[in-house]
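First up is the structure itself, then whatever we jot down about it.
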2 protein chains.
Amino acid sequence: MSGISSAGPQPADLWPEVQPDAARRLMLAGVESFARRGYHATTTRDIAATAGMSPAALYVHFPSKAALLFAISRSGHEQVLALAQQAVDEAADPATAVRDLVERFTAWHARRHTIARVVQYELEALPEQQYGVVASLRKDIERLVRDVVERGCADGLFTVGDAGTAARAVLSLGVDVARWYTDRSRLTPEELGSEYGDLVLRMLGAAATPGS
Amino acid sequence: MSGISSAGPQPADLWPEVQPDAARRLMLAGVESFARRGYHATTTRDIAATAGMSPAALYVHFPSKAALLFAISRSGHEQVLALAQQAVDEAADPATAVRDLVERFTAWHARRHTIARVVQYELEALPEQQYGVVASLRKDIERLVRDVVERGCADGLFTVGDAGTAARAVLSLGVDVARWYTDRSRLTPEELGSEYGDLVLRMLGAAATPGS
DNA sequence: CAGCAGTGTAAGCGAGCGCTCAGCGCGGAT
DNA sequence: ATCCGCGCTGAGCGCTCGCTTACACTGCTG
């Protein structure tokens with residue numbers, strides 16, 4: 001039986017706090033399976049087999065297949081929000097904030113492309129109530145980006161036709177990385193983040209790009 | 001029973017050549033259903049009901065549920081390739097080519113966001129052989145964009161760190177529109193395409209933007 | 001030692017799935 | 001008048017799904 005260790009380069013430090021160990025292995029197996037085939041095409045038997053357990057073991061730790069997806073999705077969204085918030089908080093000006101935010105956001109979607117695929121593309125499989133929780137986190141992320149773009153425009157650092165549309169475009173670039181990035185991609189997550197940082201600042205019409 | 005006419009603003013001129021009429025109605029119903037809930041979460045009974053038929057009617061016109069997806073996906077990819085090719089062929093220089101390509105590519109993904117969602121996000125549900133056909137079309141599209149970006153760099157019109165990455169970014173912006181655009185979005189498909197044309201040309205470091 | 005909470009399994013239930021099949025109605029050709 | 005073939009249907013087959021149940025093992029506590 002193939003365990004997690006043979007299922008690709010899954011970072012061992014994901015969810016170090018999840019207890020017991022079997023629950024974390026189930027989350028890792030869920031991420032792997034959902035990312036590869038999509039939530040609806042994944043069976044509880046797939047997940048259990050990937051985690052090296054019997055199908056019934058899933059229900060010892062999660063009340064349903066959907067609850068497993070929710071645990072994965074919420075955790076991922078919280079990571080992204082925290083990472084974006086940190087970039088903005090640490091930056092001295094909107095241009096630096098946008099650069100750092102794009103670098104980290106993009107690198108996260110590349111390095112964690114497996115979980116990112118679940119986070120970005122399996123949303124609508126969530127039951128309504130749990131979808132609401134995740135949707136709220138997504139709104140926070142979007143507002144964060146829109147606000148910093150608007151601040152940059154107000155400060156005369158950026159020149160864009162429409163701040164909302166520009167913010168959407170910034171997020172789109174990063175999100176879409178999860179769709180196409182693989183471990184065989186030519187650029188490392190950090191290199192890609194750096195490239196995208198350049199592209200985005202120019203896209204926003206930033207006069208002078210702050211150093212990375 | 002709810003027919004296609006109540007299932008949202010589906011353009012009537014999609015696939016005017018598909019015969020008989022019932023086959024086209026099934027494709028429209030399939031697009032609607034696959035876009036809303038995903039291929040695997042959609043049942044043949046859903047599709048048939050949306051098209052106003054019994055479940056068995058699907059199999060008069062398509063050999064399988066997957067074949068219906070393939071018909072939709074191939075047609076969509078061919079439309080996108082044709083539209084992109086036309087933009088490049090008609091343009092006098094790479095900068096104009098990129099602007100026109102982005103405008104039309106983006107506007108297509110906005111106006112046809114329902115079919116675009118199926119085209120871009122339900123790929124992996126295709127059986128291997130049919131996936132190959134679609135993957136080939138996707139490579140054509142990607143090469144088209146990469147080539148025109150590289151030509152622009154060679155002509156000194158664009159300044160990018162990495163042409164391949166920049167081309168990916170250009171496509172990403174357009175593709176991701178299918179994920180978030182709805183009929184209630186603030187900008188029309190054409191307005192969005194125009195905005196994105198501006199953003200992309202600046203992103204590519206184009207010195208002077210050609211008029212749209 | 002007994003009792004118990006936590007963790008796991010083998011077996012299988014009820015439901016809904018993709019798809020099949022025998023046959024019906026009807027317009028057009030003979 | 002008869003027949004054919006296309007489009008379509010009602011019924012349902014075989015299968016797999018998410019999930020449940022009854023039970024077993026382990027290690028800790030009293």
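Below, chain A is the first sequence line, B the second, and so on; all start at residue 1. Small disclaimer: the values here were computed from a predicted structure and weren't measured.
Side chains of B:T182 and B:R184: a donor-acceptor N/O pair is present below 3.5 angstrom, by distance only.
To the nearest angstrom, C1' of D:dT16 lies 14 Å from CZ of A:R37. Rounded to whole angstrom, the span from the CG atom of A:D21 across to the P atom of D:dT26 amounts to 19 Å. Remark: C1' of D:dC17 and NE2 of B:H40 are 14 Å apart, rounded to the nearest angstrom. Look at CE on B:M53: it is 5 Å from P on D:dC8, rounded to the nearest Å. The interatomic distance linking A:L58 (CG) with D:dG18 (C1') rounds to 10 Å, in whole Å. At whole-Å resolution of the value, OH in A:Y59 and P in D:dC23 are 22 Å apart. Regarding B:F62, its CZ atom lies at a distance of 15 Å from the P atom of C:dT20, rounded to whole Å.
The stretch residues 63-76 of chain A comes close to DNA chain D through A:S64, A:K65, each having a heavy atom under 4.0 Å from the strand.
Using a 4.0 Å cut-off between a side-chain N of Lys or Arg and a carboxylate O of Asp or Glu, A:E190 and A:R111 qualify as a salt bridge. Using a cutoff of 4.0 Å between basic side-chain nitrogens and carboxylate oxygens, B:R99 and B:E103 are scored as salt-bridged.
OP1 or OP2 of D:dC6 has not a single side-chain nitrogen or oxygen of B:H61 nearer than 4.0 Å. At D:dC8, none of the side-chain N or O atoms of B:S54 fall inside 4.0 Å of OP1 or OP2 (strictly under the cut-off).
Distance from the side chain of B:P20 is smallest for D:dG7 among the nucleotides D:dC8, D:dG7, C:dC19. Proximity note for B:V60 (side chain, C-beta onward) versus C:dT7, D:dT9, D:dC19: the nearest is D:dT9. Picking from C:dC17, C:dG8, D:dG7 the nucleotide with the shortest atom distance to the side chain of B:R45 gives C:dC17.
Paired with A:Q120 under the rule side-chain hydrogen bond (donor to acceptor under 3.5 Å, both in side chains), one option of A:H77, A:R138, A:H113, A:R179 passes, and it is A:R138. Checked against A:P94 for a side-chain contact (heavy atoms from CB on, under 4.5 Å), the options A:D147, A:V149, A:V148, A:V88 give a single hit: A:V148.
Under the 4.5 Å side-chain criterion, counting only non-hydrogen atoms from C-beta, A:Y39 is not in contact with A:V118.
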Pair A:E195, B:R168 - check salt bridge (charged side-chain N to carboxylate O under 4.0 Å, His left out), show working.
CA-CA 12 Å; A:E195 269 299 298; B:R168 264 260 154 71; over 6 Å; no
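Remark on DNA chain D: of its neighbouring residues A:A56 and A:D46, the 5'-side contact belongs to A:D46, judged by nearest-heavy-atom nucleotide.
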